[in-house]
Structure formats: structure tokens, C-alpha cells
Amino acid sequence: MRALERGELPADDPALIEHLDACLGCRGCEPACPSGVGYGRGLEAARERLYRARRLPPLARAILRVFAREAAWRPLFTLARALRATAIPGLLAGGGRLGFGMGMLAASRMGRWPDGRMVQATDRRIRSVGPSDSPPIRPTVALFRGCIMDTLFTHVHDATRRTLEANGYQVVEAPGQVCCGALHEHAGDRSTARSLAARNVAALADVADYIGVNSAGCGALLKDYGHLLGTDTAARVGASVRDVSELLAERGPLPGAALKLTVAYDAPCHLQHAQRVHAAPLAVLNAIPGLTLRLLPGADRCCGSAGIYSLVQPALSQAVLADKIRTFRAEVPELHAVATGNPGCVMQIGAGLRAVGMTIPVVHPVELLDRSYAQGGMY
């Protein structure tokens with residue numbers, strides 16, 4: 001990357017392109033580096049140079065164009081949600097591009113336990129919290145809605161709102177939001193990333209005490225908006241961004257009813273490496289009475305999703321995922337669910353499990369807390 005910046009290597013050097021395209025961008029090297037090298041920012045700068053010097057593969061270009069325009073991604077994901085409501089994605093889930101893609105779509109559906117019940121609670125009102133249980137001033141949280149989260153994972157948004165309100169926050173809506181731009185930034189299309197970021201900054205600036213995010217990849221870029229845009233307003237927005245697990249852990253969170261489940265937590269790369277958030281998701285899961293939390297070997301390693309990596313590098317992506325799936329299979333039948341805080345990870349791991357015949361749900365940690373609260377009568 002330094003040689004590319006200095007002009008010692010051309011942007012069309014085959015070996016350079018091979019290595020930089022094959023990198024997951026998981027940033028797992030950053031906490032391991034004794035010198036503290038910011039590899040993630042270096043990779044993004046290098047990919048920006050490559051993006052300007054060459055054309056991306058057709059599939060990558062098409063994906064980035066879709067996510068750049070709400071008029072494109074919202075109808076597309078709405079149709080995908082309608083297809084997901086049928087049994088077709090689950091029936092077609094398996095290996096190969098089509099089977100794995102169908103498995104990813106099936107995995108985005110609200111999970112069901114072996115008893116057939118939904119993971120999440122129904123959408124009911126939060127019970128009034130007495131003065132002794134809540135501070136007189138409730139901090140406000142503007143929920144970042146995003147694109148995939150606002151179409152395929154609306155059930156996670158609902159669970160996020162309920163659990164935050166149960167823990168003393170006031171959740172507010174901030175209209176005018178668009179895709180966060182993370183996929184474009186990671187692919188080197190920084191101009192589109194900046195355009196999307198500027199629109200989000202305009203929508204989110206000064207609307208709440210915190211910006212709550214339940215997608216690790218989105219949260220990592222939102223927190224870095226100050227660097228991306230270089231304005232004081234963007235830096236202020238970025239400083240107010242919190243992963244939902246951070247907000248909940250700040251309040252405890254309150255315990256709910258017992259869930260007699262064994263759950264494996266798998267850490268999203270852009271939560272643990274980019275945002276350096278480690279303890280908060282564990283605090284959320286440990287607040288659920290009766291839940292047995294497992295941190296399996298490789299839980300801190302990338303699942304191979306990495307934004308659009310699983311679509312443009314399917315063989316490498318699934319090779320990265322394979323070890324993780326073998327670890328989960330070794331825990332059957334004791335393992336009831338996998339929890340992870342990023343939609344790409346949910347879909348990637350869920351598709352990998354379905355490809356080997358495992359149907360345990362892959363859920364966001366707030367969905368488990370939400371069910372605990374619902375069974376405890378907090379809603």
C-alpha cells in the first residue's frame with residue numbers, strides 16, 4: 001500500500017490487486033499490531049486509488065449502485081422480504097451461489113426456536129416505569145435505520161426500540177436517513193460514501209443525545225464520519241454514535257425473565273476491531289437470567305461476510321466461514337442459537353448453518369433480551 005501511494009507500484013499490478021482484493025478488511029490485524037498501525041484506513045485509501053484507476057467487476061458495480069439510491073434498494077429488498085415470507089429460500093438453501101444466496105435471505109427472517117415460537121416479542125407497549133426505576137430525564141436516542149436493517153431486519157429495529165425504552169431511553173425517529181455508505185467506502189468509492197454520509201449527518205445532527213446503531217458495520221463508519229467528511233458537524237455526529245449494546249450496558253441492562261438457552265456469541269469484526277466494543281454485547285447477554293453464554297474457539301475471527309465480499313469472492317468467503325461452522329456443529333445438540341450484532345454476519349452464518357443442515361436461529365443480541373423482557377411482563 002505504501003508502494004502504491006509512492007508510485008513505486010502501478011495500480012494495475014496484478015499481484016497488488018490480488019492481495020488487496022482478497023483482503024477481508026476485517027481489521028483483525030489492528031489490535032494484534034504492536035505498533036498500532038491503522039491498517040483499515042490504509043486499506044480504504046489504497047482501494048480508493050485502485051477504484052479511480054480501474055473498473056470494479058460488474059457485480060460489485062451493480063451492488064454499489066443499488067445501495068447508493070433508496071429508490072433502488074428499498075423496492076429490491078421489499079421484494080426480497082416478500083420472497084422470504086414464502087418457503088422458497090429455505091427450501092433452496094444450500095451450497096453454490098444460488099443456494100448460499102437463498103440461505104442468506106432465509107437467515108434474515110425472524111428466528112424461530114425448536115418449539116416454533118418466534119425469537120422476538122410481539123410489538124406491545126412498554127409498561128410505565130416508576131420514578132424510582134428511571135431518572136427524571138430520559139436520554140434521547142435517534143435510531144439509525146440504514147438500508148438492509150430497515151427492510152430485512154425491521155424486527156431487530158423493533159426489539160432495539162423496546163429494549164432501549166425499557167431501560168430508560170426515549171427513542172426518536174430522524175427522517176431523511178440513507179444508506180451509511182460503508183460498502184462504498186470499503187470498495188474505494190469514497191465520493192459516493194461521502195455523499196451518503198453528508199445526507200446522514202444532515203438528518204442526524206442535533207436530533208438526540210445519542211445515535212443508536214444495531215449494525216456493527218454501519219456503526220463503525222458512522223463513528224468515523226468526522227474523518228470521512230472533515231467537518232465539525234460530522235465529527236459531532238460521529239461522537240454521539242453508540243452501538244445498541246453500549247447503550248444497554250450503560251444501564252445494566254435491566255434483567256428480564258429467565259431463558260433456558262445455550263447461546264454462542266460471535267463478535268462482528270467491525271464491532272470488536274473497528275469500534276473496539278467487546279464487553280457491552282456480553283453484558284447484554286449476561287443480563288438474561290438462565291442463559292448460558294458460550295464463547296467458542298474462533299468467535300473473534302471473521303465469518304467471511306465482510307460487506308459485499310461474500311458476493312464478489314464467494315469461494316474465499318466460504319472458506320473463511322467453514323472453520324466457524326465446524327465449531328458450531330461440534331456443539332450440537334446443546335447449542336440453541338448464535339448471537340451476533342451485524343446483519344451481514346447473521347446472514348452469512350445463517351446460510352452456512354443451513355448449508356450443512358443446521359436450522360438453529362442466528363439472532364441479534366437485542367432479540368434475546370427482547371424475548372426475556374416480554375416473558376417477564378415488561379411489555
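Worth saying up front: this structure is predicted, and the values here are computed from it rather than measured.
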Give the cluster check for [X] versus [Y]: same hydrophobic cluster or not, with ILVMFWY residues linked at side-chain heavy-atom distances below 4.5 Å.
{"X": "Val244", "Y": "Val172", "answer": "no"}
{"X": "Val332", "Y": "Leu295", "answer": "yes"}
{"X": "Val241", "Y": "Val277", "answer": "no"}
{"X": "Leu76", "Y": "Ile148", "answer": "yes"}
{"X": "Tyr39", "Y": "Leu271", "answer": "no"}

Which value, rounded to the nearest 0.5 Å, describes the distance between [X] atom [atom1] and [Y] atom [atom2]?
{"X": "His184", "Y": "Ile63", "atom1": "NE2", "atom2": "CD1", "answer": "10.0 Å"}
{"X": "Ser310", "Y": "Leu316", "atom1": "OG", "atom2": "CG", "answer": "11.5 Å"}
{"X": "Cys179", "Y": "Asp150", "atom1": "SG", "atom2": "CG", "answer": "11.5 Å"}
{"X": "Leu183", "Y": "Ile308", "atom1": "CG", "atom2": "CD1", "answer": "6.5 Å"}
{"X": "Arg69", "Y": "Cys147", "atom1": "CZ", "atom2": "SG", "answer": "14.0 Å"}
{"X": "Met347", "Y": "Arg354", "atom1": "CE", "atom2": "CZ", "answer": "10.5 Å"}

State plainly whether the residues [X] and [Y] are in salt-bridge range, i.e. N to O under 4.0 Å.
{"X": "Arg194", "Y": "Asp224", "value": "no"}
{"X": "Arg54", "Y": "Asp12", "value": "no"}
{"X": "Glu173", "Y": "Arg145", "value": "yes"}
{"X": "Glu367", "Y": "Arg109", "value": "no"}

Exercise for review: Take His227 and Arg41 through the test side chain to side chain contact (heavy atoms under 4.5 Å, CB included) and record every step on the way to the result.
Suggested key: CA-CA 10 Å; His227 170 75; Arg41 286 188 176 174; 3.4 Å; yes
Check your understanding: Any idea how Tyr373 and Tyr379 line up, ring-wise: parallel (<30°), tilted (30 to 60°), or perpendicular (>60°)?
Key -> perpendicular
Keeping the roles fixed (side chain from [X], backbone from [Y]), state whether a donor-acceptor pair exists under 3.5 Å.
{"X": "Arg138", "Y": "Tyr169", "answer": "yes"}
{"X": "Ser305", "Y": "Gly344", "answer": "yes"}
{"X": "Arg97", "Y": "Leu311", "answer": "yes"}
{"X": "Ser245", "Y": "Ala280", "answer": "no"}
{"X": "Asn167", "Y": "Leu254", "answer": "yes"}
{"X": "Thr86", "Y": "Ile88", "answer": "yes"}
{"X": "Gln275", "Y": "His270", "answer": "yes"}
{"X": "Glu331", "Y": "Phe328", "answer": "no"}
{"X": "Asn286", "Y": "Leu282", "answer": "yes"}
{"X": "Gln170", "Y": "Ala208", "answer": "no"}

**Study point:** Of all pairs that satisfy salt bridge (Lys or Arg N to Asp or Glu O under 4.0 Å), the ones with a partner from residues 273-289, not counting sequence neighbours
**Key:** Glu30-Arg276
For [X] versus [Y], what's the shortest heavy-atom pair and its separation?
{"X": "Pro289", "Y": "Gly256", "result": "CG-O, 3.3 Å"}
{"X": "Tyr309", "Y": "Ala22", "result": "OH-O, 2.6 Å"}
{"X": "Leu259", "Y": "Gln375", "result": "CD2-NE2, 3.6 Å"}
{"X": "Ala216", "Y": "Asn342", "result": "N-OD1, 3.1 Å"}
{"X": "Val237", "Y": "Ala205", "result": "CG2-CA, 3.8 Å"}
{"X": "Ile211", "Y": "Val141", "result": "C-CG1, 4.5 Å"}

For [X], is the [atom1] atom crowded, meaning more than 12 foreign heavy atoms sit under 6.0 Å from it?
{"X": "Arg236", "atom1": "CZ", "value": "yes"}
{"X": "Arg81", "atom1": "CZ", "value": "yes"}
{"X": "Arg301", "atom1": "CZ", "value": "no"}
{"X": "Glu70", "atom1": "CD", "value": "yes"}

Could you check whether any side-chain heavy atom of [X] comes within less than 4.5 Å of a side-chain heavy atom of [Y], counting everything from C-beta outward?
{"X": "Leu83", "Y": "Leu79", "value": "no"}
{"X": "Pro253", "Y": "Leu369", "value": "yes"}
{"X": "Thr160", "Y": "Leu143", "value": "yes"}
{"X": "Thr154", "Y": "Met149", "value": "no"}
{"X": "Tyr265", "Y": "Val338", "value": "no"}
{"X": "Leu353", "Y": "Thr359", "value": "no"}
{"X": "Leu196", "Y": "Cys180", "value": "no"}
{"X": "Cys303", "Y": "Val320", "value": "no"}

Practice item. For the pair Arg294 and Val263, evaluate side chain to side chain contact (heavy atoms under 4.5 Å, CB included) and give the outcome as yes or no after the intermediate values. Key: CA-CA 6 Å; Arg294 299 291 306 276; Val263 176; over 6 Å; no
Review point. Are side-chain N/O atoms of Asp189 and Ser191 paired as donor and acceptor at under 3.5 Å?
Key: yes
Review point. Distance only, no hydrogens: is a donor on one side chain within 3.5 Å (strictly under) of an acceptor on the other, for Asn214 and His364?
Key: no
Check your understanding: Between Ser108 and Arg84, does a side chain to side chain donor-acceptor pair (under 3.5 Å) hold up when you go through it step by step?
Key -> CA-CA 8 Å; Ser108 71; Arg84 185 185 65 182; 3.1 Å; yes
Exercise for review: Please test Leu20 against Ile17 for side chain to side chain contact (heavy atoms under 4.5 Å, CB included), starting from the C-alpha separation and ending with a verdict.
Suggested key: CA-CA 5 Å; Leu20 292 187; Ile17 293 173; over 6 Å; no
Review point. Would Leu64 and Leu56 satisfy side chain to side chain contact (heavy atoms under 4.5 Å, CB included), going step by step from the backbone distance to the final call?
Key: CA-CA 10 Å; Leu64 296 182; Leu56 289 175; 3.6 Å; yes
Check your understanding: Hey, do the aromatic rings of Phe153 and His155 have their centres closer than 6.0 Å?
Key -> yes
Review point. For the rings on Phe67 and Phe77, is their centre-to-centre separation under 6.0 Å?
Key: yes
Point to revise | By salt bridge (Lys or Arg N to Asp or Glu O under 4.0 Å) - contacts of Glu48 (at least two apart) | key: Arg52, Arg190
